[in-house]
Number of protein chains: 2
Amino acid sequence: MARIDLGQITRLSPATVTAITSDLLDQGLILSLESEEPKTHQARGRPRTLLKLAPGAVYIICARLSVNNIDLSLVNFAGEVVRDKRTKFDSAKADASSFPGALTSAIRAFLEEAGVDPSHVCEIGVAAQGVVETETGQVAWSPAFSGRKIPIVAPLQDAFAAECYISNDTNMITEALHWSDPSRYSGTFAVIMLDYGVGMGLYLNNQLFSGASGTAAEFGHANHIPGGALCRCGKRGCLEAYLSDYALVRAASHLPEDTDPVTIKAGVSGLAQLLERAGSGDADALDTFQEAGRVLGYGIARVIAMIDPKRIVLTGAAVRAFSFMEQSMWEGLEEALVADLRNNFSLDVMPWNEDFIRSGLIAQSMERLDKDFLGAASQRSRRIGRADSEELSA
Amino acid sequence: MARIDLGQITRLSPATVTAITSDLLDQGLILSLESEEPKTHQARGRPRTLLKLAPGAVYIICARLSVNNIDLSLVNFAGEVVRDKRTKFDSAKADASSFPGALTSAIRAFLEEAGVDPSHVCEIGVAAQGVVETETGQVAWSPAFSGRKIPIVAPLQDAFAAECYISNDTNMITEALHWSDPSRYSGTFAVIMLDYGVGMGLYLNNQLFSGASGTAAEFGHANHIPGGALCRCGKRGCLEAYLSDYALVRAASHLPEDTDPVTIKAGVSGLAQLLERAGSGDADALDTFQEAGRVLGYGIARVIAMIDPKRIVLTGAAVRAFSFMEQSMWEGLEEALVADLRNNFSLDVMPWNEDFIRSGLIAQSMERLDKDFLGAASQRSRRIGRADSEELSA
DNA sequence: GTTATTTTTTTTGGTGCCCGAAAAAAAGTT
DNA sequence: AACTTTTTTTCGGGCACCAAAAAAAATAAC
C-alpha cells in the first residue's frame with residue numbers, strides 16, 4: 001500500500017503519513033518495497049513506493065481450547081497464520097487446575113520451535129467452548145473442564161508480556177464474519193450455531209455483545225414452550241431440547257425424554273445417520289427435523305423482535321440438515337411474528353467451518369492491537385470525518 | 001464547581017483548565033462566582049473560585065408528542081426546565097401531513113413567549129410513541145398519526161439552526177434512568193414498560209440500543225406461546241395479548257378474544273376498575289393478573305437469556321398491579337429459565353412517572369451536546385486514563 | 001531530446017492543544 | 001511576620017498535525 005492511500009484511509013495529510021511511516025520504518029515495523037516494481041496500471045507521475053508490514057516484527061498467538069486439545073497458531077502482523085500446532089490435554093485425566101500451567105508451557109514450547117522471541121508476541125487470544133467470563137478472564141463453565149471455574153487470562157498475563165484475553169467460541173465466529181466481510185457483516189447481526197448445544201453470537205451497534213456478566217446470547221435456552229420437550233438444563237421447552245444433536249436423535253428414535261444426553265451418542269455420527277434416514281424418506285427423521293425447524297422459526301422470531309438484526313447467520317454442524325428444516329422454519333417464523341417485523345432481515349445459511357474460530361481470534365487481536373497502539377490515529381479519523389465510512393472500510 | 005475539580009474530572013492539567021475556562025468566560029458560556037462566598041469546609045490554601053454554566057447562553061428544547069398534544073419544554077444548559085407549554089394538536093381531526101409545520105410553529109411561538117432567540121437553541125429533541133426510525137428521523141408508525149409515516153427531523157432541521165433528533169418514548173425513559181443514576185443504571189440493563197402496549201428499552205454496553213432498523217426491543221411481541229391468546233397484531237401468544245391493558249380487561253371480563261381492542265375501553269380507567277376488583281377479591285381479576293404475571297415471567301426469562309442484563313426495570317401504568325402479578329411472575333421465570341442464569345440480575349419495580357420522558361430527552365440532548373462540542377475533551381480523557389471510571393462518573 | 005504534465009513523496013514552517021514547572025495568589029497556622 | 005497549604009496563573013516547550021512549496025520520478029508532447 002502506498003503512502004497516499006494510507007493518507008486517504010486515515011484521513012491524514014500526506015505530510016503526516018510521511019512522518020509516521022518514516023518512524024515506523026526506523027522502528028522496523030514496516031518495510032518499503034522499492035526494489036520490486038509491480039508496475040501498476042498507473043499512467044504517469046511519480047510512482048508510488050509501496051509499504052508493507054514487516055513480517056517478523058510483531059506476532060499474535062491464537063489458542064483454541066477443546067475437550068482434548070489446545071490448538072495454537074502463530075499469526076504475523078499481516079494476519080497470516082505462520083505456524084500451527086496441536087497439543088494434547090486430556091481434561092478427563094488431568095486435573096483442571098493444572099490447565100493454566102499446561103497452556104503456558106505449550107505456548108512457550110510452540111514459540112521456541114518457531115524461533116520467535118516471546119517479547120515479539122503482543123497479543124494472546126484464547127477461545128473456549130461454554131460459558132466464558134470475558135471481564136474476569138475466566139472460563140465459568142465448560143465441557144473441557146467438567147464444569148469447573150478456571151482462570152485463564154491472569155496466568156497468561158503473568159507469564160508473557162503480551163496483552164491476553166479469552167472469549168467464547170461463538171463470539172469469535174461472529175467476529176470472524178465481521179472481519180472477513182465487513183460490508184456484509186456490520187452494524188447489528190446475529191449468528192446462530194447449531195451444534196452439540198445451540199449457541200448465539202451477537203454483534204450489536206458494530207461491536208460484539210456479551211451481556212453484563214458475559215453470558216448473553218444464550219439462544220439455546222431463550223426459547224420456552226410451556227410444557228415442551230425436556231432440556232438437559234432441567235427445564236422444558238428450550239430450543240436446545242429440539243435442535244441440538246442429542247435432542248434430534250432422541251426424538252427421531254423415540255427414546256424416553258429423560259435419557260441422559262451423554263448416553264445418546266449423538267455427535268457427528270448420530271447426526272449423519274439421522275441425515276441419511278431423512279434422505280431415504282424415514283418418516284420419524286423427517287418429522288423430527290420438521291419439528292426442529294418450526295421451533296427454530298420461533299427462536300428466530302424472538303431474536304428479530306428483541307434485537308432487530310439486519311442479518312441472521314445460521315451455521316454449525318447441523319446446518320447440513322437445513323433443507324429438511326427450512327420450510328417448517330419459515331412457517332414457525334410466520335406463526336410467531338407479525339409480517340412488518342419479519343421482512344426486515346436476511347438469512348444466511350453458512351456451511352460450518354472450524355477455521356472460523358481462529359479467524360475470529362485473529363480479527364479480535366487485530367482490533368485490540370488497533371486500540372492499544374494505533375488508538376490515537378483511529379480517534380483522529382473519527383473526529384475529522386464522519387463522512388463516507390465506505391472509504392474507511394476499504 | 002472549581003477549576004481544580006474540572007481538571008480532576010476531565011483529567012486535564014490545571015494549566016489547561018485555566019486556559020479553556022478563560023476562553024469560555026470570554027465567550028460568556030460560563031460565569032465565575034467570585035462575589036458569593038459559600039465558605040466551604042476547606043481549611044486553608046487559596047480559596048476555590050467556583051464556576052457555573054451561564055443560564056441564558058445555550059438552550060435545549062424537548063418535545064413530547066402524544067395523541068392530542070405537543071408538550072414543549074425549554075431547558076437551560078444546566079439541565080433545568082425553564083418553561084413548559086402544552087399545544088393542542090388533534091390528530092383525529094387535523095391531517096397528519098400538516099404535523100411537521102404545526103410542530104415548527106409551536107416551537108417558534110414557544111420561544112417567542114419565552115423571549116429566547118432561536119439561535120440560542122442548540123438541540124431539539126422529540127419523543128414519540130410507536131415505531132420511530134431514529135436514523136431517518138421519521139415516525140414510522142404511531143397511534144398519534146393513525147399509522148402514517150411522518151418525517152419529523154428534516155423539517156425541524158430546515159427551520160432551526162439546532163441539532164434535531166427524534167426517538168421512541170421508551171428509549172427516552174431508558175436514557176433518563178441512566179442519566180438520573182448512572183451508578184445504578186449503566187452498562188447493560190433493560191426497561192419494560194407495561195402500558196397500552198408493552199414496550200422495552202435496552203441499554204447495552206453503555207449505550208442505547210435500537211436495532212438495525214430502529215425497531216428493536218419489541219418486547220410485547222417477542223414472546224410466543226403456540227396457540228396462545230390473540231394479539232392485536234394478528235398473531236397468537238404475544239406478551240401484549242396477556243399484559244396490555246386491553247388484554248387484561250378482555251380476559252377478566254370474558255370478552256370474546258376477537259373483540260376489537262379499541263372498543264375495549266381499557267386505558268387508565270379500565271385498569272383502575274380491574275385493580276379495584278382484584279383488591280376486593282374478584283376471582284376473575286385475580287386469575288387474569290396471575291396469568292399475566294406468569295407470562296411476564298416467561299418474557300423476562302427470555303430477556304435474561306438473550307441479553308443478560310445486570311438489571312431489569314419494570315414500569316408503566318400497569319405496575320400498580322404488580323403485587324397481584326409478582327408471585328406468578330417469579331414462578332413463570334423459574335419455569336422458563338435455569339437457575340444459573342436467573343440469579344444474575346436484579347429487578348426494580350418503578351412507579352410510573354410521565355416526567356421520565358422529558359428527563360430522557362434532556363439527558364440525550366446533553367450527551368449529544370457533549371459529543372458535538374466537547375468531543376475533543378472527552379476523547380482526551382479516554383486516551384489518557386482508563387483508570388477509575390468512578391471518578392469520572394462523579 | 002528537450003520540455004511540459006502528472007502524480008507521489010518530502011521538506012519547511014507553522015498552528016493549536018496540551019503539559020510540567022515554577023510562580024503567584026489567597027487564604028490559614030504558628 | 002514567617003511558614004504552610006491550596007488553588008490559580010504564567011511561561012516555555014513538546015507533540016501531532018497541516019498547508020504549501022519543493023523535489024522526485026515517471027509519462028506525454030513537441
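A note on names: the letters A, B, ... follow the listed sequences, proteins ahead of strands, and every chain is numbered from 1.
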Separation of [X] atom [atom1] from [N] atom [atom2], in whole Å?
X     : N      : atom1 : atom2 : result
B:L50 : D:dT7  : CG    : P     : 11 Å
A:D26 : C:dT10 : CG    : P     : 12 Å
B:L51 : D:dT7  : CG    : C1'   : 12 Å
B:I4  : D:dT6  : CD1   : C1'   : 7 Å
A:L6  : C:dT7  : CG    : P     : 19 Å
A:R48 : C:dT6  : CZ    : C1'   : 13 Å
B:R11 : C:dC17 : CZ    : C1'   : 19 Å
A:D5  : C:dT9  : CG    : C1'   : 13 Å

Per [X] side chain, nearest of listed nucleotides [options]:
X     : options                : result
A:R46 : C:dA24, C:dT7, C:dG20  : C:dT7
B:A15 : C:dA27, D:dA25, D:dT10 : D:dT10
A:S13 : C:dT8, D:dC18, D:dT5   : D:dC18

Any [X] side-chain nitrogen or oxygen under 4.0 Å from OP1 or OP2 of [N]:
X     : N      : answer
B:R3  : D:dT9  : yes
B:T16 : C:dC17 : no
B:T49 : D:dT8  : yes
B:T18 : D:dT8  : no

For B:D5, salt bridge (Lys or Arg N to Asp or Glu O under 4.0 Å) partners two or more places apart: B:R48
Test item: A:Y203 and A:V191 side chains (from C-beta on) under 4.5 Å apart, heavy atoms: no
A:N76 (side chain) donor-acceptor with A:E80 (main chain) under 3.5 angstrom: yes
Derivation of the side chain to side chain donor-acceptor pair (under 3.5 Å) call for B:Y165 and B:S365: CA-CA 9 Å; B:Y165 66 93; B:S365 300; 2.8 Å; yes
Residues B:L111, B:L74; criterion side chain to side chain contact (heavy atoms under 4.5 Å, CB included); working and verdict: CA-CA 8 Å; B:L111 285 173; B:L74 185 68; 4.0 Å; yes
